[in-house]
Structure formats: structure tokens, C-alpha cells
There are 2 protein chains.
Amino acid sequence: MTSASSGPPAGPPRLGRQPSTSQAELSHIALQLFIEHGFDATTIDDIAARAGIGRRTFFRYFPSKNDLPWGDFDSLLDRMRDHLHSLPAGLSLVEALRAAVIEFNRFPQEEVPYHRQRMDLLLNVPTLVAHSTLRYASWRQVVAEYAGQRLGVPEDSLQPQAIAWTYLAVSLAAYEQWLKNDDADLIALLDSAFELLDTTFDPRHDGP
Amino acid sequence: MTSASSGPPAGPPRLGRQPSTSQAELSHIALQLFIEHGFDATTIDDIAARAGIGRRTFFRYFPSKNDLPWGDFDSLLDRMRDHLHSLPAGLSLVEALRAAVIEFNRFPQEEVPYHRQRMDLLLNVPTLVAHSTLRYASWRQVVAEYAGQRLGVPEDSLQPQAIAWTYLAVSLAAYEQWLKNDDADLIALLDSAFELLDTTFDPRHDGP
DNA sequence: GATACTAATGACACCGAGTGCCGAATGGAA
DNA sequence: TTCCATTCGGCACTCGGTGTCATTAGTATC
């Protein structure tokens with residue numbers, strides 16, 4: 001629904017009328033409006049008008065207003081899935097996941113401010129906070145798949161699911177800190193969050 | 001909004017017109033309808049009609065349709081907060097949290113089927129899955145408060161937040177398993193989920 | 001018992017998100 | 001030019017949620 005990395009697939013030479021806009025463009029326009037006037041104060045009509053399309057047409061590009069800030073998330077997921085499976089077999093499961101999750105959240109310097117604004121919306125606007133849960137589910141699915149495979153157990157059993165949930169949890173905790181501090185480094189925060197996971201639940205470490 | 005354990009406060013003798021229903025009653029009626037016809041197929045009008053109140057009146061008892069299955073969650077949170085602070089100081093932080101979370105999810109035998117149906121909706125109906133995130137935030141807040149206190153750091157700093165997120169994550173993983181299996185024991189599942197947390201992130205344990 | 005006050009109710013109108021339907025517009029292919 | 005595929009956009013509708021306000025049902029006061 002949100003996937004398909006752009007660029008013509010070069011297969012069938014394109015039939016029928018051309019689309020008058022794109023997911024990426026709408027997402028971009030909407031993000032601007034959200035930042036300018038707030039998420040709730042921005043209506044679909046506003047976005048459609050700004051994009052020069054009809055309201056009805058908007059819903060052919062995005063299934064809901066809530067999906068706008070996510071843009072094309074599915075292709076990011078594909079990248080993470082690939083990355084996971086390309087990791088050296090020498091890594092333990094937790095090492096592999098840690099590496100992949102950190103890699104997943106690495107963005108080119110110039111995209112960082114953009115990414116920050118998106119995440120600011122996603123983690124602070126209640127409607128979006130709620131809706132994002134559904135996207136996180138796909139993310140967890142990728143992690144659980146890999147964990148299940150590595151552990152040799154069904155991906156929907158307790159351990160892979162718990163692991164997937166936990167990595168999501170830790171990532172979100174790191175993101176929250178990142179957003180609270182203008183010049184914080186996301187990667188460093190993720191790293192120390194994963195570190196905490198080890199020390200906090202290390203049975204040798206018995207207090208406080 | 002959803003708090004206040006029932007029973008007349010016995011203070012001022014009650015003034016003005018009597019409420020014609022209650023949160024608990026509406027929640028109960030709604031749950032029945034949700035199970036019978038599905039969440040999405042049940043409209044507010046259906047619920048209001050069944051309860052014999054006007055549509056407008058419904059929204060004076062619940063802020064949204066999504067809040068119906070939660071009933072009075074805030075008073076449960078109060079209980080957990082109290083329970084946490086009444087735990088013996090000898091327990092380590094992780095031990096205390098583990099105990100409190102498990103206690104939080106212990107229900108009287110006769111309420112279990114009811115609780116199961118509620119959780120089934122909350123974890124399977126997309127709208128509710130999304131909305132529930134907002135309730136989980138309050139739950140995490142309780143955990144983070146306690147953790148921050150125990151660790152002597154601000155409750156909104158990385159470690160308490162990561163811990164709160166993690167306990168939520170593990171609990172949800174256990175709940176998912178519980179719902180998948182008609183005769184599973186929630187407490188046992190929670191317990192082994194927490195166990196997994198220890199073993200998975202135990203630095204001594206280096207594979208697979 | 002009449003009156004004043006308080007609080008809950010419910011009707012009405014309104015908004016915005018999202019959907020089904022269908023004819024019109026726009027492109028490539030034959 | 002004709003045919004066909006695909007997108008567009010208008011219209012009407014449903015549903016969740018909110019603001020407003022008169023009405024109803026109680027309690028307290030005189």
C-alpha cells in the first residue's frame with residue numbers, strides 16, 4: 001500500500017492516464033502544512049487543495065491522513081530485512097539485531113532534520129502516536145521473523161515476539177530522548193539504550 | 001476521566017438530576033455488542049439505543065468509542081502504583097517491577113473470561129490496537145516513575161523510560177500468547193516472558 | 001406547596017475522515 | 001481515429017465527535 005520504491009518499473013510501458021502527483025509529493029506537502037498549522041488543524045481538503053487534486057483523489061494515494069507522515073515505510077522495512085540476512089553468521093542474535101536496528105535508523109546527514117520533524121509528529125501528536133502502532137507491528141514482524149529463524153522456533157511464539165517487542169521498546173525510548181534534545185545523536189542514544197538493556201537485565205548485576 | 005471507584009462518596013448528599021446510567025454499565029453493554037456484531041459494525045447509536053440514552057449523552061460517559069473496552073483503567077493504575085510502593089525494599093528494581101506487573105495482571109477467576117474478551121478486542125481490532133497505545137502510555141508512566149525513583153534519576157531520562165517500555169513490551173508479548181491459546185495461563189506466560197528477558201540479554205549467554 | 005438552584009439529558013446543527021459510485025478526462029495502442 | 005486502460009473528481013452518504021441550548025429531574029429553601 002505504501003511500498004514500491006519510485007522510478008518506472010520499466011516493464012509494461014505504462015497504460016492509461018498519468019497520475020497527477022505521487023505519494024512522496026503529497027507526503028511532503030502535508031508535512032509542511034502539519035508543521036505550519038498543526039496536524040489536527042490541517043484538513044484533507046487543505047492538503048488536496050495545495051496539491052491541486054480533488055479530495056477524492058487524495059484517498060487514492062493515501063488510505064488515511066495518519067499515514068501521511070510515514071511516507072514509504074515498507075521499503076525501509078524491506079531494506080532492514082535484507083540487511084539482517086546479510087549480516088555475518090558469527091554475530092549472536094542480539095548482536096545482529098542491535099546492529100540491524102541501528103543501521104535501520106541511520107540517515108544521510110541532510111535528511112536528519114526532515115526525519116526529526118516526521119518523528120516529532122509521530123511521537124507527539126496523539127492521533128499519530130496511536131496510529132503508528134500499526135506500523136510498528138510490521139517492523140516487529142521483520143524482527144520476529146529473523147529471531148524465530150535464528151532460534152529455530154515459530155516466529156509467532158513467545159521468545160521471538162518478546163524480542164521483537166523489546167527492540168521496538170528500546171528504540172522508542174531512544175527516539176523520545178532524541179526528540180527532547182535538539183543536538184542529540186540518535187545513533188549514540190540507540191546504542192546506549194541497548195547497552196542499558198544488557199546491564200539492567202544482567203542477572204549478575206543485582207541492584208539497586 | 002475514567003477513574004473514581006464507584007460507591008457514593010458520602011460527602012455532599014448529591015444535588016441535581018441523577019445520572020441515568022454509568023460508565024460500567026455502558027462498557028458492559030458495548031462489550032456485548034462488540035462481541036456479537038464486531039467492533040466496527042457497532043455504532044454509537046446502537047450502544048446508546050441499547051442503553052436507553054441519547055447519543056449525545058453517551059459522550060458524557062465516554063470520550064470515545066475506543067475507550068469503551070478499557071472501562072475504568074485509571075483505578076487499576078492507582079492500584080499498581082500503590083502496590084509498587086508497598087513492596088519490600090529488599091527487592092531489586094527488576095524484581096520489584098516483575099512482581100508488580102504480574103500482580104497487576106492477576107484477576108479473580110470469575111473475571112478472567114471477561115478480561116479475555118476485552119483483551120481480545122484490544123489486541124486484535126486495529127482501531128483499538130492503535131488507541132490502546134495512549135493508555136499504555138499512562139501505564140508506562142507509572143513504571144517509569146518508580147524506576148526513576150529507585151535509580152535516582154529523572155523519570156523522563158533514558159533508563160527509566162527504556163525500562164518502562166521494555167516491561168510493557170514483554171507484557172504485551174505474553175498477552176498475545178495468552179490470547180492465542182484458550183487454556184493458557186496468563187501469569188505463567190508473563191513469568192516466562194520475564195524469564196526470557198533475563199536469559200536473552202544475559203551477556204554470559206552468547207548464542208545462538 | 002411554591003420557588004430557586006443544580007446537574008444530567010437529549011435534540012439539533014455542524015465538522016471532518018473515509019467510502020461507494022459513476023461519469024469525465026487523459027493517455028497509449030491498434 | 002477508434003479503442004481501451006487508468007486516473008480523476010464530483011456527489012452523496014455514513015460515522016465519530018463537538019458546541020449549544022432548552023428541558024427534565026432532582027435537592028434545598030422559604
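So you know, we letter chains A, B, ... as the sequences are listed, proteins then strands, and number each from 1.
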Phosphate OP1/OP2 of D:dC8 contacted by A:S20 side-chain N/O (<4.0 Å): yes
NZ/NE/NH1/NH2 to OD/OE distance under 4.0 Å, B:R81 and B:D78: yes
Between atom CZ in A:F62 and atom P in D:dC8, what is the gap in whole Å? 13 Å
Could you tell me how the ring of A:Y175 sits relative to the ring of A:W178: parallel (under 30°), tilted (30 to 60°) or perpendicular (over 60°)? perpendicular
In whole angstrom, what separates A:I47's CD1 from C:dG16's C1'? 12 Å
What nucleotide among C:dG18, D:dG26, D:dG16 has an atom nearest to a side-chain atom of A:S64? C:dG18
Grab the CZ-P distance between B:R17 and D:dA22 for me, whole Å please. 17 Å
So does A:Y61 get a side-chain nitrogen or oxygen closer than 4.0 Å to the phosphate oxygens (OP1/OP2) of D:dC8? yes
A:Q23 CD to D:dT7 C1', straight-line distance once rounded to whole Å: 15 Å
Please step through salt bridge (Lys or Arg N to Asp or Glu O under 4.0 Å) for the pair A:D198 and A:R98, ending with a clear verdict. CA-CA 11 Å; A:D198 285 342; A:R98 182 168 168 167; 3.7 Å; yes
Is there a donor N/O on one and an acceptor N/O on the other, under 3.5 Å, for the side chain of A:R56 and the base of C:dG20? yes
Tell me what B:T42 touches on the nucleic acid: a base, only sugar-phosphate, or nothing, going by heavy atoms under 4.0 Å. sugar-phosphate
A:I53 CD1 - C:dT26 P separation (whole Å): 16 Å
Report the residue (A:I44 or B:T21) whose heavy-atom-nearest nucleotide on DNA chain C is the more 5′ of the two. B:T21
Look at the side chain of A:R55 against the base of C:dG16 and say whether a donor-acceptor pair falls under 3.5 Å; ignore hydrogens and angles. no
A:F59 CZ - C:dT19 P separation (whole Å): 7 Å
Quick check on C:dG10: is either OP1 or OP2 less than 4.0 Å from any side-chain nitrogen or oxygen of B:T57? yes
Starting at the 5' end of DNA chain D, which residue's closest nucleotide do you reach first, B:D45 or B:Q18? B:D45
Comparing nearest nucleotides in DNA chain D, the 5'-proximal residue of the pair B:R60, A:G54 is A:G54
Is NZ or CZ of B:R118 both nearer than 6.0 Å to the six-membered ring centre of B:W70 and within 45° of the ring axis? no
For A:K65 and C:dA17, what is the distance between atoms NZ and P respectively, to the nearest whole Å? 5 Å
Going by an N to O cut-off under 4.0 Å, is there a salt bridge joining A:E155 and A:R150? no
Would you mind reading off the distance between B:L15 atom CG and D:dT27 atom P, rounded to a whole angstrom? 9 Å
